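We count residues from 1, following the sequence as given. Everything numeric in this text was worked out from a predicted model, so none of it was measured. Just so you know, ligand 1 is whichever comes first in the structure, and atom 1 is the first atom listed for that ligand. Computed from heavy atoms alone, side chains included, the values below leave out hydrogens, waters and symmetry copies.
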Amino acid sequence: MTAAQMTAQWVSKRCGPLKGVLRAPGDKSISHRALILGALAHGVTHVEGLLEGEDVKRTAQAMAAFGAGVERLGEGHWRIAGKGGFAEPADVIDCGNAGTGVRLIMGAAAGFDLVATFTGDASLRGRPMNRVLKPLGEMGASWVCRAGGRLPLTLKGGNLARVAYRLPEPSAQVKSAILLAGLHADGGVEVIEPQATRDHTERMLRAFGAQVDVAEDGAGRRIVLPAGQSLTGTRVRVPGDPSSAAFALVAALITPGSVVTVEGMLLNPLRIGLLETLGDMGADLSVTNLREEGGESVADITARYSALTGVEVPPERAPSMIDEYPILAVAAAFAEGPTTMRGIGEMRVKESDRIALMAAGLSACGVTVEEGPDSLTVVGSVRGNHPVAGGALVTTHGDHRIAMSHLILGLAADRPVAVDEPGMIATSFPGFLDLMRSLGADIEAS
Ligand code: S3P
């Protein structure tokens, strides 16, 4: 991406049918975890298909700062030489925009007798860290930070004790931070989650040789990491990110005549809430070539332009599609009737307040929306002959998913849609512009 593309606005315009086959970039959640577990392990880990977005690159730099050997061998192919633990870093760890990066790394670092200072960009410095600090504090870690548990923050780890912690909110980041700290806690650790959240940490810990016991517990799970685990380097193949693939799939569903296939997409049951919801809305989605790769289900997904109908999204589905509500809201704008999303309060503490920004962006584009404290309703009326107007410059507050969602909306709206801070898209989806253009999308840097 050129410097001009990084800083300019990007504008998307109504285009002809989108057609083509693409591979989604590597899954962001799995990429962070592969680097962190590789650094914690004894021996060498090879990661293939790593997402080379800005967030994950920050985690790679952090792992080097904690003493691991980190080397890029080729596109998406990284070699991590783990030292079986973290050494004290010589400088501040800057995690950029990455909430997953900083929360998981703080958990991992808490297990060791070291002091480390963490910071991030303006968005990350505004996000709550208390949710991770509370359980780490109960285990024996200590810290100083800005008011409200905000970064920058200096953490002191080591001498951790066992905790049995019930998560107050469904958060895979918090669960993972506790499990990673638990690797070096006296007595292991137990996490009870009220609703099941993405389980990549549990799966990957096992792939690195650890024992993780998981039992269903109502709608949630009880996860036990017994004491005395040690990790051994391995090979990790990162599947395509469903949270990134979502943009191309929804673009095909709302742009007349389109047929788009995403190959090698992760189909972890705790990440497929968007596909289920789009299916409920009448989307023409087909799943082929379903297979297992590195302990995860993977498949090729084809989306065809569809007449969508608004739905009530079951609130219990939220953890399995929490990052996909912005693009679902775009699909809903092109559906017939209201789509109601409830139980989505966690969206307000992401890279931005995503409920507020989607409500503002969609209404600036002429879509009727209703915002609640933890809900969003989008009223589509395309068959009632009320097309989405577009014609707005959308303020993204530097949030990559807000930017991509509105660019997709512009592909099927009456008038062009512009977004500011498009450079932030590179945090999770560095190839977004080229990939969308290769399908026939009209998106320009202006
Ligand atoms: C992630 C968990 C989710 C998600 C984030 C990635 C992870 O956050 O929004 O993008 O990799 O564990 P929460 O744990 O805060 O819900």
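Relative orientation of the Phe429 and Phe247 rings is tilted, given thresholds of 30° and 60° on the angle between their planes. Between Phe86 and Phe66, the angle of the ring planes stays under 30°, which puts this pair in the parallel group of the 30/60° scheme.
Applying the side-chain hydrogen bond (donor to acceptor under 3.5 Å, both in side chains) test to every pair with at least one member in residues 180-193, sequence neighbours left out, gives these pairs: Arg162-Glu190, Lys175-Glu193, Glu190-Arg222, Glu193-Thr197.
Proximity to Thr100 (heavy-atom distance under 4.0 Å) selects the following atoms of ligand 1: 1 (C), 5 (C), 6 (C), 7 (C), 11 (O). Taking a cut-off of under 4.0 Å to the non-hydrogen atoms of Lys350, the atoms of ligand 1 that pass are 3 (C), 4 (C), 8 (O), 9 (O), 13 (P), 15 (O), 16 (O). Those atoms of ligand 1 that come under 4.0 Å of a heavy atom in Ile322, given as number and element, are 9 (O). Close contacts of ligand 1 with Ala172, meaning ligand atoms under 4.0 Å from a residue heavy atom, involve 12 (O), 14 (O).
Between Glu346 and ligand 1, a contact under 3.5 Å exists for no N or O pair. Close N/O approach between Ser171 and ligand 1 is found [any backbone or side-chain N/O within under 3.5 Å]. Considering backbone and side-chain atoms alike, Ser176 places every N or O at 3.5 Å or more from each N or O of ligand 1. Polar contact check, Gln173 against ligand 1: a nitrogen or oxygen pair lies under 3.5 Å apart.
Other residues, nucleotides and ligands contribute at most 12 non-hydrogen atoms within 6.0 Å of the CZ atom of Arg342. Taking a 6.0 Å sphere around CG of Asn159, one finds it holds 12 or fewer heavy atoms contributed by other residues, nucleotides or ligands. When the shell of 6.0 Å around CD of Glu370 is examined, it contains 12 or fewer heavy atoms from other residues, nucleotides or ligands.
Look at Lys175 and you'll find every heavy atom at least 4.0 Å from all atoms of ligand 1. Proximity of Arg33 to ligand 1 is established by a heavy-atom distance of less than 4.0 Å.
Under the rule for a ring pair (Phe, Tyr, Trp, His ring centres under 6.0 Å), His400 has no partner lying at least two apart in sequence or in another chain.
Residue contacts with ligand 1 for His200 are absent, since no atom lies close enough (heavy atoms, distance under 4.0 Å).
Which of Asp323, Thr197, Leu104, Val349 comes nearest to atom 5 (C) of ligand 1 through a heavy atom is settled by distance: it is Asp323.
A donor-acceptor pair is defined here as one N or O able to donate and one able to accept, closer than 3.5 Å; such a pair exists between the side chain of Asp121 and the backbone of Leu124.
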